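First up is the structure itself, then whatever we jot down about it.
What you see is a predicted model, and the numbers here were worked out from it, not measured in a lab.
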Amino acid sequence: MTLYARFAASLDGILDSLVAAGSLPAGIERRNVTVEPPRDATHGDLATNAAMVLAKPAGTNPRALAGLIAPKLGELAEVESVEIAGPGFINVRLTPEVWRQELKVILDEGARYGASHMGAGKRVNVEYVSANPTGPMHMGHCRGAVVGDALAALLEYAGYQVTREYYVNDAGSQVQTLARSAHMRYREALGETVTIPEGLYPGDYLIPVGQALAAEFGDRYVGAPESEWLALFREKTVAAMMDMIRADLALLGIHHDLFSSEAEVQRAGKVNAALDRLRAEGLVYEGVLEKPKGEAADDWEPVEMTLFRATAFGDDSDRPVKKADGSYTYFGNDLAYHAEKASRSDMLIDIWGADHSGTVKRIQAAVKALTGSAVPLDVKLVQMVRLLRGGEPVKMSKRSGSFVTLADVVREVGKDVVRFTMLTRKADAQMDFDFAKVVEASKDNPVFYVQYAHARTRSLHRRLAEQGLAPVAEPDLTLLDAEELALVKLSAQFPRIIESAAANHEPHRVAFYLFDLAAAFHSVWNRGNDDPSRRFLVVNDMETTSARLSLADSIGQIIRNGLAVMGVAAAEEMK
RNA sequence: GCGCCCGUAGCUCAGUUGGAUAGAGCACGAGCCUUCUAAGCUUGGGGUCGCAGGUUCGAAUCCUGCCGGGCGCGCCA
C-alpha cells in the first residue's frame, strides 16, 4: 500500500467517525475525495479536497467541514501539522520520520517498489508492431513497437496479466506481391538475370530467400503457372520475413508472446463464425454503400456487398466485411480477429500508426457489437517520427527500397537510446529523432541525464571500495537534511506515477518523471561543488556518508525500476 | 463535405484522468566555477493555456460554437 493510499484510508476512517458522531450525514458519495501531493511543495506533503467535495451534500460550507476533519488528521502519529487553506483544502505536513521510513521501504522492496495491484490480474491484450511481413522493420515501425512494449511492461508492473501480441497480415494482396517478388529472386538464384518490375518489392533482403527457394525446389517452378507456386512461395517467404522481423525486434529487446496469422483466422472459419453471429443480430447485411463524400471518387459504382452496421455503434458509415466477389475485406478479417482476442481478454489495446486513424471507429464498433461492450478496446495512435541528423532531415527513398531500417538505427545509437527517446513524447504528438542529439552528453538530452544520475549513484560504491571504506550497517537517517528528504518525497511519488501512467496507457509519463527525479538528484549532488561537507561521499564522516549512500541507493533503485518498465538498461558508469 | 488528433513562454514540450500563484529544457539577461563530485552551477525576466460562451466551490483540463494546423475518407492493407 502506498503512502498516499494509507492516508486515504486514514481519512476514510475519520469521515466514518464524523458520520458516527452525527456531524456528517451518512451515505455521502466520497468517490471524488482525493489525497494527493500538492503541486506546490510549500503547501505541505499531502492535500485533500474532502471538505470541498463533501460540503455541499453535507449541507455545510467547506471551511467549516475542514474545521472538523483537520484536527482529527492532526492526531495521526505521522502528521506534524495540518492547516486549512484557500477554498477549503486541508494541507498536511508529515514528520521527517515518515520519509525516513519511506526511504527504507524503497530499499526493502527494491525492484518491487512502485509495482501495483491495480490491475488485479485482469487479462490485457496489447497488440503492437503488426508490421506487414513484406520486409525488414524500418523506423516507421519503431515508435509503435517501443510504445507498445513499454505499455505492456507498465501494465504488467501495475498488476495486469499481459499478452503481447503481433497480428501477421499474411492474407492480403501485399503478401501475394511479396511471393511474386520472391519468385523473381528465385529465378535469379538459378542464374537468370532479372529486373524487378515496378510494383514488386525490390529490396535485397529477398535475395537470400530466393536462394533458399532455389536450394529447396530446384528449377521446378521457374516456368510454372502462378497457381502452382504462389501459395507455397507466399508461405515460405512470409515465414522468412517473420524470422527477420523477430530478429529486428529482438535488437530492441522486444519479444511477443503470440503471433496470430490473419490467414489462419480465415482458414479456421472464424471470420464466418463472427459474421454469422452478427448477422443473427441484424448487424451484418447485404447492402450498397453511398458514394463517399471525399474527392477522387469519380470511378465510384454502387455495388452490393456484405456490410457491418457500424453506424449502430457510432461510426459514420457501415463498413464492408466482404467484397462483391465474396472475399473478405481486411476489416472483415480484423473484426473476426478482435472477436477472438476479446474472447480471451478483459481488455484490448491496439497500437496503430496515426495514418490508420480513419479506421478506429469501425473496429471499436465491431468490438462493442461482438462483446456487448463488455471488453473495452483502446486504440492508441502513434504519430510519425521525423528522422534528423544535426537538424537536417534524413533523406529516404522508398522507391529504390532503401529506407532507414530499425537495425541500422539500433546499431548506430544503441537500443537504450532508441527506446528512451521514443518515450520522451506523448504517443499522439509528432516527434523528431535527431541522431546527433540523442547521443549528446548534456543536460538537454534526457536519456543521458537520467543515465548519468544512475551512474553517479553507482560511482559512490566504486569509490568507497577503492578507498577501502565500507558504509555502516545501520545508517542514521536523521543525518539527512530537508533537501535530501525532499528527494525521498519525490521518490515516493513513483508508485503514483506508475498507476496513473498505467491507467491512462501513457508510458511516456515514466520517462518524464525519471527526468524530474534525475534533475532533483543532480541538484542535491551539486551542492557538493561549493561545500565539500555536503558531498555524498565524505571520507572522514562515514556516518553521514552512509546515510547519504542510502539515499543515493534509493534514487538509483527508483531509476532502475522506471527504466525497467521502459525496457532500458541502467548505466553503471558513463565512460 | 465528414471524422480523428492537435493548438500552453520566442522554440521544443510536460501538466498527476476538475484543484491553490500554469511548469521543465533550450534560447535570452546577470552572477559563479576553470574543477576529475567530470560531460557546468546559481539566479532573473518571459503566459489572454487559439477565440467566445457554458457547466461549478474551482476549468489548460469537461460541454457547445467558431478560428487555425496536421492526418484520414474508397470493395487498399
Side-chain angles (χ1 to χ4, degrees), chain A residues 4 32 34 36-40 42-43 47-49 51-53 55-56 61-63 85-89 91 130 132 134 169 171-175 262 289 291-297 299-301 303-307 314-317 319-334 353-361 379 381 383-384 424-426 428-432 440-446 448-449 452 455-456 459-460 463 493 496-497 499-501 503-504 506 508-509 511-513 515-516 519 522-523 525-530 532 534-537 574:
Chain A
Y4 298 97
N32 293 325
T34 57
E36 292 178 328
R39 188 183 310 212
D40 186 340
T42 63
H43 291 142
T48 177
N49 60 358
M52 292 184 293
V53 172
K56 198 176 199 179
N61 72 74
R63 292 194 66 105
F89 284 103
N91 292 334
S130 298
N132 284 333
T134 54
N169 301 140
S173 63
Q174 290 187 8
V175 287
E262 180 183 5
L289 281 178
K291 179 172 173 165
K293 296 279 192 240
E295 284 128 56
D299 55 347
W300 176 264
E301 283 174 27
V303 177
E304 185 177 90
M305 54 200 146
T306 308
L307 302 174
D315 202 356
D316 319 297
S317 168
R319 304 294 177 179
V321 290
K322 258 188 191 181
K323 306 175 196 173
D325 67 6
S327 63
Y328 300 114
T329 62
Y330 179 84
F331 173 61
N333 290 335
D334 207 24
D355 51 337
H356 289 76
S357 64
T359 61
V360 172
K361 279 188 174 181
V379 180
L381 296 178
Q383 281 287 349
M384 291 297 156
T424 54
R425 258 328 83 104
K426 254 187 317 200
D428 53 15
Q430 65 174 30
M431 174 167 82
D432 290 347
E440 194 175 275
S442 77
K443 192 176 180 180
D444 323 359
N445 181 0
F448 168 80
Y449 211 54
Y452 185 23
R456 276 181 158 171
S459 76
L460 291 170
R463 292 214 312 278
Q493 293 198 33
R496 291 172 46 81
I497 297 293
E499 291 196 345
S500 72
N504 291 286
E506 290 188 343
H508 77 276
R509 294 189 191 201
F512 278 92
Y513 168 78
F515 181 75
D516 287 344
H522 285 307
S523 177
W525 180 284
N526 287 332
R527 299 189 308 176
N529 288 336
D530 297 329
R534 302 180 91 175
R535 295 181 176 181
F536 276 76
L537 200 168
M574 313 302 287

Atom [atom1], compared across [N] and [M]: separation rounded to whole Å:
N     : M     : atom1 : value
B:C66 : B:A9  : C1'   : 26 Å
B:G46 : B:C28 : C1'   : 9 Å
B:C4  : B:G23 : C1'   : 29 Å
B:U64 : B:C2  : P     : 15 Å
B:G15 : B:C57 : C1'   : 22 Å

Does the protein touch nucleotides 22-31 of chain B at the base, only the backbone, or not at all? Give it as B, S and - per nucleotide, heavy atoms under 4.0 Å.
--SSS-----
Quick one: on RNA chain B, does A:N132 or A:F512 contact a more 5' nucleotide (nearest heavy atom)?
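Between the two, 5'-proximity favours A:F512.
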Along RNA chain B (nearest heavy atom to each residue), the more 5'-positioned of A:K323 and A:D530
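In this pair, the answer is A:D530.
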Base, sugar-phosphate, or nothing: which does [X] touch, judged by heavy atoms less than 4.0 Å apart?
X      : answer
A:F331 : nothing
A:A503 : nothing
A:Y328 : nothing

Taking only side-chain nitrogens and oxygens of [X], does any of them come within less than 4.0 Å of OP1 or OP2 of [N]?
X      : N     : result
A:R319 : B:C73 : no
A:N529 : B:A38 : yes
A:K56  : B:G58 : no
A:S523 : B:U42 : yes
A:K426 : B:C5  : no
A:Y452 : B:A38 : no

Paired nucleotide for [N] [Watson-Crick or G-U wobble; both distances under 3.5 Å]:
N     : result
B:U64 : B:A52
B:C32 : B:G40
B:G3  : B:C71
B:U21 : none
B:C26 : B:G10

Polar pair under 3.5 Å, donor/acceptor by atom type, side chain A:D334, base B:A77
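No such pair is found, so the answer is no.
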Going by the glycosidic torsion and a 90 degree boundary from 0, is the base of B:A38 oriented syn or anti?
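With its glycosidic angle within 90° of zero, B:A38 counts as syn.
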So do A:D428 and A:L381 actually touch side chain to side chain, heavy atoms under 4.5 Å?
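In short, these two side chains do not touch, never coming nearer than 4.5 Å.
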Kindly indicate whether the side chain of A:Q174, heavy atoms from C-beta on, has any atom under 4.5 Å from the side chain of A:N169.
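No. Closest side-chain heavy atoms not under 4.5 Å.
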Whole Å only: how far is the CZ atom of A:R63 from the P atom of B:A20?
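Rounded to the whole Å, the gap is 16 Å.
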Atom-pair distance (NE2 on A:H356; P on B:G72), nearest Å
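Rounded to the whole Å, the gap is 11 Å.
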Would A:R456 count as a cation-pi partner of A:Y452, with NZ or CZ less than 6.0 Å from the six-membered ring centre and within 45° of the ring normal?
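Checked: cation-pi criterion met.
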